[in-house]
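The structure appears right after this line, and notes come after that.
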Amino acid sequence: MIRIVIAGPRGRMGREAVSLVHHTEHFELVAVVDRMNEGKTLAELEGFPAIDAPIFTDLERCLQTVQADVVIDLTTPEVGKRHTEIALRYGVRPVVGTTGFTEEDIARLTQVAEEKKIGAIIAPNFAIGAILMMKFAQMAAKYFPHVEIIELHHDQKLDAPSGTALKTAQLIQQVRSSFMQGHPAEKETIEGARGALYDGMRIHSVRLPGLVAHQEVIFGGDGQTLTIRHDSFNRASFMSGVRFAVETVMKLETLVYGLEHLIE
Ligand SMILES: NC(=O)c1ccc[n+]([C@@H]2O[C@H](COP(=O)([O-])OP(=O)(O)OC[C@H]3O[C@@H](n4cnc5c(N)ncnc54)[C@H](O)[C@@H]3O)[C@@H](O)[C@H]2O)c1
Ligand SMILES: O=C(O)C1=N[C@H](C(=O)O)CCC1
């Protein structure tokens with residue numbers, strides 16, 4: 001049995017994660033961390049199954065009170081960073097879906113995990129299709145160094161570019177010689193027209209109601225283009241990855257950033 005705390009249970013992802021844990025035989029939801037409702041149980045909140053997991057508004061107090069193996073964080077960038085560090089310091093393995101972490105954040109948290117000799121997973125995208133899309137993009141970049149990333153998400157998203165787009169750019173950077181794409185004399189007549197710049201590549205962020213999570217990686221070569229696209233149409237698409245991450249983090253002793261390191 002893996003004892004789990006979920007931070008952000010009332011969010012779009014948090015609700016799916018509560019349902020996943022509730023329906024997985026070897027998972028037990030021992031507490032949740034919410035922005036409100038301290039002292040209640042999850043069962044008392046509308047729309048939740050009859051799980052008598054206590055609600056805390058502070059992760060430290062939660063981990064001082066309940067015995068947990070894993071904290072699943074699905075909150076906001078600043079809260080997610082704080083929660084990851086607290087979980088590590090309390091010896092509880094974090095599985096972090098929250099995005100908006102910088103490379104410096106990842107480096108710092110990796111060091112804390114190393115000090116504490118404890119496993120952790122930070123996964124910008126839990127959907128297997130998205131992980132494959134990133135892997136395929138990395139493969140293609142060896143042959144097509146000219147690439148632009150277009151990520152499209154719902155308009156309630158806080159961070160841009162998405163964690164997935166940033167991760168894709170990092171994976172491509174590992175195989176692509178660094179250079180500045182586009183015409184050397186190109187000039188934006190409206191600021192931002194060419195998107196965000198990452199090691200000479202461009203990342204474009206689209207935000208619209210109706211979208212969930214989507215990404216295209218477009219490669220250009222002589223007389224040809226290659227487009228690799230992934231679409232998540234609902235949040236259930238992420239849950240088999242969350243389950244895999246919770247099971248896998250129990251066997252890790254370091255921080256792993258990205259599920260692509262953990263799948264064959
Ligand atoms: N890794 C993935 O596959 C994946 C998939 C979808 C979303 N995400 C990321 O997950 C995060 C959550 O996404 P969402 O769509 O569920 O957002 P959401 O806004 O629906 O939910 C976030 C929840 O966090 C809660 N929260 C905020 N501060 C808190 C605090 N201090 N303590 C406890 N809870 C707090 C909010 O009340 C809210 O319920 C985002 O960073 C998003 O980018 C990742
Ligand atoms: O809904 C979101 O927000 C998502 N964020 C992730 C990201 O930033 O890459 C991916 C999936 C959905």
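None of these values were measured; they are calculated from a predicted model. Both ligands and their constituent atoms are indexed starting at 1 by order of listing.
Classification of K157 and D155 as a salt-bridged pair fails, no side-chain N sitting under 4.0 Å from a carboxylate O. The existence of a salt bridge linking K167 and E103 is excluded, since no basic side-chain nitrogen approaches an acidic carboxylate oxygen closer than 4.0 Å. A salt bridge does not link R93 to E253: none of the charged nitrogens lies less than 4.0 Å from a carboxylate oxygen. For K117 and E114, the salt-bridge test fails: no basic side-chain N is under 4.0 Å from an acidic carboxylate O. Using a cut-off of 4.0 Å between Lys/Arg side-chain N and Asp/Glu carboxylate O, R10 and D34 are scored as salt-bridged. Using a cutoff of 4.0 Å between basic side-chain nitrogens and carboxylate oxygens, K116 and E85 are not scored as salt-bridged. We find that R89 and E60 are not joined by a salt bridge, their nearest charged nitrogen and carboxylate oxygen being 4.0 Å or further apart.
For the side chain to side chain contact (heavy atoms under 4.5 Å, CB included) criterion with R243, the lone passing option out of F238, F27, F126 is F27. Paired with V70 under the rule side chain to side chain contact (heavy atoms under 4.5 Å, CB included), one option of I121, V95, V21, V5 passes, and it is V95.
Below 3.5 Å of separation, one finds no N or O of R235 facing any N or O of ligand 1. The N/O atoms of R235, backbone and side chain alike, include none that comes under 3.5 Å of an N/O atom in ligand 2. The distance criterion of under 3.5 Å between nitrogen or oxygen atoms is not met by A127 with respect to ligand 1. For ligand 1, the polar-atom distance check against A123 finds a nitrogen or oxygen pair separated by under 3.5 Å. For V212, no nitrogen or oxygen atom sits less than 3.5 Å from a nitrogen or oxygen atom of ligand 2, counting backbone and side chain alike. Ligand 1 has no nitrogen or oxygen under 3.5 angstrom from a nitrogen or oxygen of H154.
Residue-level proximity to ligand 2 for R12 is absent, since no heavy atom of it falls below 4.0 angstrom. With a 4.0 Å cut-off on non-hydrogen atoms, A213 touches ligand 2 through its side chain and not its backbone. Both the backbone and the side chain of T164 come within 4.0 Å of ligand 2, judged by heavy-atom distances. Looking at H153 against ligand 2, only its side chain comes within 4.0 Å, counting heavy atoms. Contact annotation: for F126 versus ligand 1, heavy atoms closer than 4.0 Å belong to both the backbone and the side chain. When heavy-atom distances to ligand 1 are checked against a 4.0 Å cut-off, T75 comes that close through both its backbone and its side chain.
Regarding atom 41 (O) of ligand 1, its nearest protein heavy-atom neighbour is T99 N, 3.1 Å. Closest protein heavy atom to atom 25 (C) of ligand 1: G8 CA, 4.0 Å. Looking at atom 39 (O) of ligand 1, its nearest protein heavy atom turns out to be G11 N, 3.2 Å. R35 CG, 3.5 Å is the protein heavy atom nearest to atom 35 (C) of ligand 1. With hydrogens left out, the protein atom closest to atom 5 (C) of ligand 1 is M13 CE, 3.4 Å, a heavy atom. Atom 9 (C) of ligand 1 has its closest protein heavy atom at G97 O, 3.4 Å. Scanning the protein heavy atoms around atom 17 (O) of ligand 1, the nearest turns out to be R12 NH2, 3.6 Å. Looking only at protein heavy atoms, the nearest one to atom 23 (C) of ligand 1 is L74 O, 3.8 Å.
A heavy-atom separation below 4.0 Å is found between P124 and ligand 1. Within the structure, ligand 1 has K157 among the residues with a heavy atom less than 4.0 angstrom away.
Interface atoms of ligand 1 facing F238, defined by a heavy-atom separation under 4.0 Å, are 3 (O), 5 (C), 6 (C). Proximity to R10 (heavy-atom distance under 4.0 Å) selects the following atoms of ligand 1: 39 (O). Residue contact check: N125 has heavy atoms under 4.0 Å from atoms 1 (N), 2 (C), 3 (O) of ligand 1. Close approach of ligand 2 to F238 is summarised as follows: ligand atoms under 4.0 Å from at least one heavy atom of the residue are 11 (C), 12 (C). Near H154, with a cut-off below 4.0 Å to any heavy atom, the atoms of ligand 2 are 1 (O), 2 (C), 3 (O). Within ligand 2, the atoms closer than 4.0 Å to a non-hydrogen atom of G163 are 7 (C), 8 (O), 9 (O), numbered from 1 in the order shown. Near V33, meaning under 4.0 Å from one of its heavy atoms, ligand 1 places the atoms 33 (C), 34 (N). Listed by number with element, the atoms of ligand 2 under 4.0 Å from a non-hydrogen atom of S162 are 7 (C), 8 (O), 9 (O). Short contacts between ligand 2 and N125, defined as distances under 4.0 Å to a heavy atom of the residue, involve ligand atoms 10 (C), 11 (C).
Under the 6.0 Å cut-off for aromatic ring centres, H230 and F136 do not qualify, their centroids lying 6.0 Å or more apart.
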Where do L252 and L262 land on the side chain to side chain contact (heavy atoms under 4.5 Å, CB included) test, with the steps shown first?
CA-CA 10 Å; L252 297 176; L262 298 170; 4.3 Å; yes

Using salt bridge (Lys or Arg N to Asp or Glu O under 4.0 Å), reason through R229 and E216 one step at a time and then give a plain yes or no.
CA-CA 4 Å; R229 181 175 173 117; E216 280 189 10; 2.8 Å; yes

Please determine whether side chain to side chain contact (heavy atoms under 4.5 Å, CB included) holds for the pair L197 and M180, giving the CA-CA distance in whole Å, both sets of side-chain angles, and the decisive distance to 0.1 Å.
CA-CA 9 Å; L197 188 61; M180 185 66 193; 3.6 Å; yes

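Within a 6.0 Å sphere centred on CD of E188, heavy atoms belonging to other residues, nucleotides or ligands number more than 12. Annotation for Y143: atom OH does not count as buried by contact number, only 12 or fewer foreign heavy atoms lying within 6.0 Å.
Classified by interplanar angle (parallel below 30°, tilted 30° to 60°, perpendicular above 60°), the ring pair F179/H146 is perpendicular.
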